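One structure below.
All values derive from a computational prediction rather than experimental measurement.
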2 protein chains.
Amino acid sequence: GDHQETVPVEGVAGGGTAYGWSDTGVNDPRPLRGAIDPTKVSSLELLNVWCMPNSANVGPQDMPRELEPISLLAARNERESIQIAIRPKVSWGGSGIAGTVQVQCTDLCSPCGARLVVGQSLTLRRVVPVLGVPDALVPLDMPVCQLNLFPGETTVIWISVDVPSEQTPGHYEGEIIISSTKSEAESTSQSLTKVEKHQLYRELRDCLDVVEPLEGRPSEEVVERVKSATSSLRRVLLSPSLADFFSDNGPIDMMEEDAVSSLSIRLKISLTVWDFVLPVTPSVPAVIGISDTVIEDRFGVEHGTNEWFELLDQHFKWLLQYRISPYFCRWGNGMRVLTYTSPWPADHPKSDEYFSDPRLAAYAVPNGPIVPCGDTAKDYLRREVEILRTKNHWKKAYFYLWDEPLNIEQYNGIRSMASEIHAYAPDARILTTYYCGPSDAPLASNNFEAFLKVPEFLRPHTQIYCTSEWVIGNREDLAKDIIAEIQTENGEEWWTYVCLGPGDPHPNWHLGMRGTQHRAVMWRVWKEGGTGFLYWGANCYEKATVPSAEIKFRRGLPPGDGVLFYPGQVFSSSQQPVASLRLERLLSGLQDIEYLKLYASRFGRDESLNLLEKTGMYQGPERYTSEHTPIDIMRGEVYRTCRS
Amino acid sequence: GDHQETVPVEGVAGGGTAYGWSDTGVNDPRPLRGAIDPTKVSSLELLNVWCMPNSANVGPQDMPRELEPISLLAARNERESIQIAIRPKVSWGGSGIAGTVQVQCTDLCSPCGARLVVGQSLTLRRVVPVLGVPDALVPLDMPVCQLNLFPGETTVIWISVDVPSEQTPGHYEGEIIISSTKSEAESTSQSLTKVEKHQLYRELRDCLDVVEPLEGRPSEEVVERVKSATSSLRRVLLSPSLADFFSDNGPIDMMEEDAVSSLSIRLKISLTVWDFVLPVTPSVPAVIGISDTVIEDRFGVEHGTNEWFELLDQHFKWLLQYRISPYFCRWGNGMRVLTYTSPWPADHPKSDEYFSDPRLAAYAVPNGPIVPCGDTAKDYLRREVEILRTKNHWKKAYFYLWDEPLNIEQYNGIRSMASEIHAYAPDARILTTYYCGPSDAPLASNNFEAFLKVPEFLRPHTQIYCTSEWVIGNREDLAKDIIAEIQTENGEEWWTYVCLGPGDPHPNWHLGMRGTQHRAVMWRVWKEGGTGFLYWGANCYEKATVPSAEIKFRRGLPPGDGVLFYPGQVFSSSQQPVASLRLERLLSGLQDIEYLKLYASRFGRDESLNLLEKTGMYQGPERYTSEHTPIDIMRGEVYRTCRS
C-alpha cells in the first residue's frame, strides 16, 4: 500500500508524453529567474542566433539551427549575401515584444589594411514577410541598429557585401555583434517628454527674465532678483525631471548606451575576394518592365511633369544596381505596349547618360512620343531613330511593340510598326514576346509546331524572338528546336521570359517558391542558351493612390508575379525602394551566369553545363537543387580553376 | 502611322493584367501625399477596421470585410466575446511599423444607469499568433492602449464582456474608439534623452554655482557673475534640446496627447443582458489537469515550498474563472497519475476553501501525500478520506488513479488502489480514463466490443467511466452502446475526454482547428449525454527552466494538445497566465451547455437536441457549423423562448 511514497517524476517514466525531449534550451546552472536584465546576462542565454544561406526562405516560424561560422566567396563587382536568424529563447522586453537586440556590424578588413566599409560595401536589411512569406528587405540603420524580437518568432537579417571592382583581392574578416538590450520604451521612460521639456523651458525663461536687465539697477534689487532666480534654478534642478542626477557628480555612465560587451554574441564573417571582376555590362541582358502608370497613380504625379521625370529617374537608377536593364511601359489596346528606357527624347543629355551607362545592357526605344509633343508619332520615331543610330550605344537598342500577339491582326500590327522602324534603320532590333502562333491562321497542325514557326512567319519584322519558358515545360530538348529556327548568323536572337507561367516546380519568381527556384530562372537561361531575358513587371502592384498604401498583388496573378520591389514608404519613412528577396535572387542568378561564362571561356560551354550538372545545381526545369550547397560548390570550383 | 498618339491607359483596355480591380482603397478626392500626419486625417483613411465573431480564427493575413455594428447577447454570469480586426491601408509610422493606433473603450451603459465597467466587466486582449496561428490572448492596458500595426498585417483585438450575476438585465451600449496616432518613437524623438538631460542638468548647476554665493560680494563682481550666468542660461534655452519652444509662447497644445477626435473610428457595441443567470456551479464538470512538474521546472520552485504553494494557488484561482475544475497532476510509471485539486491536506483551511468554492464542480483527491510527510501513503489516504467524507463537498470528490490502463497488470493496479479507497469510503468515486480493454486478456472478439465491456470488467472499482471520444469516431450511435453499459442507477457516470485524438475534422482543441471545432467539443458532450469531461493538460509545454522561455509544444503531440494557456511572462512582464483562444472556446462551449440545459428544462432534452440540429450548429462529430451564425441563432432562440 505504500507504492505512492516516491513522488513520480514526469517524463522520466513514460508518463507526460515526451516531456523534456529537447533540453537544448537555457542550461545555465543558475537559471534565469524573475526580471531579466538583458545587459547583465550573456546574450546567448536569451537568444538563438544562426546563419542561413541567401537561397533559404527563413520565416517567423523557422526553428533554430547550429550557429556555424560565415565564410563567403565573392568576385569583385559582385554582391554576395547571407542571412542571420535571431529567435528569442526567453522574453525580457515587457509589453508585447520578447525583447530588443542591438545589431552592430564592423568593417571587413584584410590583413594588408584593405577594407569593405559598413554602410557602403556592407549593408544590413531586415527580412519582412509579405503575405506571410519572407520577401521584403527593409534597410536597417548602420553600423548599429535596434530590432524588436517577438515571442516565438524568428527575425531575419539579410547581410550583403558589395565588392567594388577595384577592391584588393584577399581574405577579409569582420564581425556582426548581437547584444540583448533594454527595450526602447524602457530606456525612454527615463527621458523628458515634450510636456516636461516645455515646463522646464518656461521655468528657465522666467529665471532669465528676472535677472536679465540688471545693469544700472540698485544693488539691493540686483541681490533680490538674483536670489529669486537662484531659488527658481535650484527648484528646477531638484524637480523630478532632473532629480536623478542630483547626487550624480561623475560623468554619465555611457556604458549603458553602448550595449556591446563581453556578453554579446560575436559572429565572425570571413570573406574571400578573388581577382575576377564581374563584367560591368551583364553578359546576358535582363530587361525588366516598370509600369509608369503605377508610379503615376501611387505617387500622384502627372505624366510628363518634373516630379514624374524625377520619380522615373529614381526608379531607373535604383534598378540599375541589380544588373538589369529597366524599361518603362504602359499597356494599350490588345496588349500593344509603349516601352521606353529613357523618358526623355533621344537628343536629351539624360538619354545619352542612360544609354551609355555601361551597366545597361539593352534599352527600349519608344515608337512614338512618351510625353505628347508637337510631332506626329511618325516624325518623332524617325527623329529618335536618326539620332540613336549614330551612337555607340545603338547596339543596345531594341523596340518592344507588342506583348504576346495572338492573332493575324496583332501580328500584322507588329509587321506594320516594324516596317516603319526598319525604313529608318534597317539594323533596328524589334523584340516580340510570344507563346503561340496566330490562333486564326494556324502555322502548323499542332500548337508547339505552330509556335516554332513564328520566326519564319514574322521575319524580317522581328530580330529578338522572346518566348515564354512556359511553352517548353519540362521538355528542355525543345529549346534546341526553337534555336534551330533562329537565324543567329543574321543577328537574330532567342530570348525567354517568365510571367504567370511556368508555375511550380519550374523556376519563376512567384512568392512562396523556394529560393533556388527563384535563382534557377537564370540558370535555366544559361543552360538553354538564350541570349537575353525579359520580365514584364517589377512594380505591377494593384492600383493605389498613396505611396505608403498597402501592397496588393493583382487579381488573377500568382502572388509576387510582376512585383520585384516595393515602395519604401510602405515599410518606413524612406523614399528608397525596398528590394524583394526575389530581386536579390535574380541578381544572384545573373552573377552565376558570369561565373559560368568565365568557366566556359576557359573550358568551353559544354564543360560549364557539365559543371551545372555534376554539382547537382541545375539539370533541368524540374531537376535543380533545393539546397544551397551545390551553388557554393559551383562557385568554389570556378574560383579554384579560374583564379589567376 | 499615328495610332500611338493617344497615350494608352493601363488596365482600361485589357493590358496590365487586372490593374485597378479593387478601387476600395483610399478614395479621398485629395489623396494622401507626402508625410501623413495621422492626427490630421480621418482614421478611416488609414485603417480598415472590421468585426469578427469569437469563433473565427483571424490571423495576420486576414483581409478586410465590411464594418458591421456589434450586437451581443449575454446571460448574467456569462462571458461573451467579439473580435475587432485592424489592418493599415497605408503606412505612416516610420521605421518598421505601419503605424500606431490608440484603442479606447468606454463603459457599457444602460438607459437606467447600470454599467459594465471597462477593466472589470469589459476587457481587451490582443490576439497573438502561436506557430503562426492566432491563439494567445495578451491583456491590453485599459481603458486606453496603443498598438503598433505592421504593413500588410491584420492585428486583432479580443473584447470580452463578463456580466456579473447581479447585473441588471437590459440593453447596454458603449463604444470602442480607434484613432490613428503618432508612433511612440516619433513622439519620443521630441523628448530629451538621458544624456541630453544630464548635460542640461550640469549646465544649470554651473549657472547656479556662479550666482549662488553672491551676498556680501562687491557689486561689480555680482554684475559680472550675473552676466555670465545669464548668458549661460540663454545658451541653454537656445540649445537644440529646447529650441523648439523658443518662439512658442502659448500653452502647449495638449490635444496632441489625446488622440481621440472627430477623426477617430467609433465602433458601437450594443449588448442585451437577459435575466437568465448561468449557474455558478457548471452543470457538466470539466476537470482539467495542470502539471505541477511543469510549474516546478519553469518557475524554478521546489516541490512543497511556500513559493510552490503560491504558484499552484495562482494557477487554481486563475483557471477557476473558466468554469473548469482544475486538478494538479504528475505522471508516474506506466501512466500512473498522482492527481490532486488541493495541494494542501484535507484538514487545511485552504482545502476547504478550494473544495467549497461553488465554481468548482469536481475535485481530485490524491491517494497519497503530495508533499512527503511522516505518514505512509495508506495512513495519509485514510485520514484524507475520513475528513473529506464528512463534508458537504464530498459529492464533488473523485479519485483519478491511472491514465489509460492497457493491460491486466494496470487494471489490477486500479482495482487494488480502488479497493483501498472504497474500504475507507464505500461511496468514493473512482474515475478511470480508457480507450480499450486490457490487451493481454481480450474482453471480446473485437476491439470496440472489448472496450464496451470495460465497465463490467472494472466494476465496482470505478464509478466514473471516462472514455476517449476518439473511440467513437464519427459513429455517434456508439455512444448509446457505451451508456447502456453504465449503471447510472447505481451512481455510475459516463464521462469523455479528448487528447491527441480525435483529429480533424472531429472536435478537439488542437491549434489550427477551426473555432467552431474547438467550441464543438462541449456541444458533442451535450449531444452524446456524458455527464462530465476530462482534459489531461492545460500547461503541458515542453520542459523549460525560465518563466519567460519560449513556449514549445511536446514532441509527438499535435500543436496545442495539452496547452490551454501560456505563462504571462512569455508575452509581457505580467505574471498572470495568458489564455488561449481555445480556452475561451472551452468556456463558450460550457456556457452553450447551460443554454441548452435551460432549454431542455423547459422543453425536454430531445428538443434541445432538435435545436442543435435545426440551427445547423451540431449534428455530429463531422457535421457541425463552420460559421458562427447558427450559434447566435441557437442562443437567440433560447433567449426568445426562455426569458421571463
Side-chain angles (χ1 to χ4, degrees), chain A residues 1-2 4-5 8 10 13 15-16 18 20-21 25-26 31-33 61 90-91 94-95 132 151-152 188 190-194 198 201 204 208 211 214 219 226 230 233 237 242 245 252 293 300 330-333 335 368 376-378 543-546 548-550 554-556 570-573, chain B residues 1-2 4-5 8 10 13 15-16 18 20-21 25-26 31-33 61 90-91 94-95 132 151-152 188 190-194 198 201 204 208 211 214 219 226 230 233 237 242 245 252 293 300 330-333 335 368 376-378 543-546 548-550 554-556 570-573:
Chain A
D2 54 4
Q4 291 92 7
E5 251 155 343
E10 188 164 359
W21 58 268
V26 177
L32 300 163
R33 303 250 173 272
Q61 306 308 326
V90 303
S91 299
S95 66
T188 57
Q190 299 190 309
S191 312
L192 284 190
T193 65
K194 195 177 171 187
H198 191 256
Y201 174 82
L204 294 179
L208 195 62
V211 290
L214 277 192
S219 73
V226 169
T230 307
L233 209 49
L237 288 169
L242 296 175
F245 302 111
I252 183 159
T293 316
R330 54 201 302 133
W331 271 262
N333 276 322
M335 301 299 261
T376 62
K378 208 183 180 84
K543 187 174 180 176
T545 57
V546 183
S548 73
E550 180 185 356
R554 294 190 185 175
R555 184 197 292 255
V570 174
F571 298 99
S572 72
S573 44
Chain B
D2 54 8
Q4 289 93 5
E5 253 158 342
E10 190 165 357
W21 59 267
V26 177
L32 300 163
R33 300 253 172 270
Q61 306 308 327
V90 302
S91 299
S95 67
T188 57
Q190 300 190 310
S191 315
L192 286 189
T193 65
K194 198 176 169 189
H198 192 255
Y201 175 81
L204 293 178
L208 196 61
V211 290
L214 277 192
S219 74
V226 169
T230 307
L233 208 52
L237 288 169
L242 295 174
F245 302 112
I252 184 159
T293 317
R330 54 201 302 134
W331 273 261
N333 275 322
M335 302 299 262
T376 62
K378 212 183 176 82
K543 187 172 180 176
T545 58
V546 182
S548 73
E550 179 184 356
R554 294 189 185 175
R555 185 197 291 257
V570 175
F571 298 99
S572 72
S573 44

Toward chain A, the part of B/V570 with a non-hydrogen atom under 4.5 Å
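For B/V570, the contact with chain A is made by backbone and side chain together.
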
Write down the atom of B/L233, the atom of A/L233, and the distance for their closest heavy-atom approach.
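Minimum heavy-atom separation between B/L233 and A/L233: CD1-CD1, 4.1 Å.
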
Atom of A/S548, atom of B/S91 and distance for their closest heavy-atom approach:
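Here A/S548 and B/S91 meet closest at OG-O, 2.7 Å.
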
